[in-house]
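Let me begin by presenting the structure, written as structure tokens, before commenting on it.
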Amino acid sequence: MKYVSTRGMQDLGSFSDVLLSGLAPDGGLAMPQRIPTFTPAQIGGWRGLCYADLAFEVMRPFISDIPEDDLRRLLRATYTEAAFHSEAITPLTPLGEAGPDGGGLFLLELSNGPSLAFKDMAMQFLGHVFEYVLEARDERLNILGATSGDTGSAAEYAMLGKARVNVFMLSPHGRMSAFQQAQMFSLHDDNIFNIALQGVFDDCQDLVKAVNADAEFKARHDIGAVNSINWARVLAQAVYYFRAYLTLNLPEGAEADFSVPSGNFGNVFAGYLARSMGLPVGQLIVATNENDVLNDFFTGGVYHVRPAKQVAMTSSPSMDIGKASNFERYLYLITGSDAPQTHGWWQDVGEGRPVDLRGTAHWDAV
Ligand SMILES: *Cc1c(COP(=O)(O)O)cnc(C)c1O
């Protein structure tokens with residue numbers, strides 16, 4: 001499987017290349033050349049698999065450059081009961097009584113991993129696959145990131161003790177929750193570097209962006225990223241939609257809806273990806289807090305990003321996002337992989353102009 005950019009660049013290489021490279025050179029995000037699909041019968045046949053082997057079936061068509069035995073081994077090393085404190089990995093708990101049609105409300109538990117953030121679901125895999133790919137290529141990686149909490153902890157727990165990887169994580173001094181601060185700052189491994197900055201999250205983010213804009217410096221110091229635009233994270237997150245669906249044990253082809261708390265649009269986009277692969281997903285409900293740019297789009301058809309100054313600070317900082325990076329991938333898919341259209345829209349977004357889909361064929365595809 002080859003990867004392309006949402007902004008038109010054709011050959012970004014295969015899975016391991018986009019795993020290590022972050023943004024595409026044209027500024028777009030990596031997408032597979034096509035989305036492989038599975039039949040309902042194929043999906044149904046995975047019902048008895050353990051989480052790791054299900055992940056193998058879902059991810060394999062996207063990863064043509066890691067031998068299958070190695071990929072299966074990496075996934076089995078990632079999704080263990082020891083790491084996720086549960087044999088099911090992502091337990092599905094009924095909330096209340098089942099409805100008259102056998103339906104009901106369920107809670108998909110994604111936060112039983114080492115840092116107790118759902119980001120562990122993908123980040124733990126990243127830790128294992130980074131180590132594998134870097135070893136194979138005899139390369140090293142210095143991960144530079146900015147965090148307001150969840151991403152930093154999940155990344156550090158995933159990379160802890162991994163060979164060939166260092167983590168340099170910038171965080172705003174005194175502005176993280178006491179719990180997350182304790183989680184991160186109590187890790188004293190040789191490859192983990194916590195750097196607290198006098199400032200706010202955006203100051204940390206700006207430094208990371210400045211480093212990323214300096215291609216020569218980046219290359220010289222093997223600098224990479226683990227933010228939610230990393231394709232491997234999105235792909236690994238698609239797996240638990242399959243897992244939840246199969247656990248529900250519905251009749252073949254029956255649909256399940258998912259409601260997903262959203263910030264950078266990574267998690268819910270993974271659900272959209274699962275649906276694009278043939279999983280019978282009905283509604284994907286994009287849940288937001290008062291920073292409801294995405295809600296405005298899905299209810300009104302206009303995507304208008306909010307400048308950082310207008311983003312409210314809430315008790316859920318991971319959802320306090322005015323411009324959702326992964327939304328670019330969604331626009332790309334609803335246009336039928338029209339990179340020039342996506343590029344044009346994202347330029348508008350970058351310059352503060354709204355993207356208005358009302359009355360277009362694209363809105364019908366939403
Ligand atoms: C990261 C995070 C989100 C946002 O997820 P996205 O994939 O960025 O949409 C929401 N809630 C919590 C607790 C998170 O850690």
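Each ligand, and each atom within it, is numbered from 1 in the order the structure gives.
By the criterion of a heavy-atom distance under 4.0 Å, the backbone of Phe265, and not its side chain, is placed next to ligand 1.
Every atom of ligand 1 is numbered from 1 in the order shown, and the set under 4.0 Å from a heavy atom of Ser262 is 9 (O). Every atom of ligand 1 with a heavy atom of Ser318 under 4.0 Å away is listed here by number and element: 1 (C), 2 (C), 3 (C), 4 (C), 12 (C), 14 (C), 15 (O). Of all the atoms in ligand 1, the ones that sit under 4.0 Å from a non-hydrogen atom of Lys119 are 1 (C), 2 (C), 3 (C), 14 (C), 15 (O). The ligand atoms of ligand 1 that sit less than 4.0 angstrom from a heavy atom of Gly266 are 6 (P), 7 (O), 9 (O).
Formation of a donor-acceptor pair under 3.5 Å by the Gln237 side chain with backbone atoms of Val234 is not found in this model. Between the Ser316 side chain and the Met319 main chain, no donor and acceptor come within less than 3.5 Å of each other. Judged purely by atom type and a 3.5 angstrom limit, Asn326 uses its side chain to pair as donor or acceptor with the backbone of Ser228. Thr90 places no side-chain N or O within donor-acceptor distance of the main-chain N or O of Tyr240, the cut-off being under 3.5 Å. The main-chain N or O of Gln341 is found under 3.5 Å from a side-chain atom of Asp338 such that the two form a donor-acceptor pair. At least one donor-acceptor pair closer than 3.5 Å links the side chain of Asp120 to the backbone N or O of Leu116.
Of the candidates Gly263, Ala117, Ser228, Gly263 brings a heavy atom nearest to atom 4 (C) of ligand 1. Among Met319, Gln237, Arg233, the residue whose heavy atom sits closest to atom 10 (C) of ligand 1 is Met319.
Protein heavy atom in closest approach to atom 7 (O) of ligand 1: Asn267 N, 2.8 Å. Residue, atom and distance of the protein heavy atom nearest to atom 6 (P) of ligand 1 are Asn264 N, 3.6 Å. Of all protein heavy atoms, the one closest to atom 13 (C) of ligand 1 is Asp150 OD2, 3.4 Å.
Residues Val4 and Tyr332 form a side-chain contact, since some pair of their non-hydrogen atoms from C-beta on lies under 4.5 Å apart.
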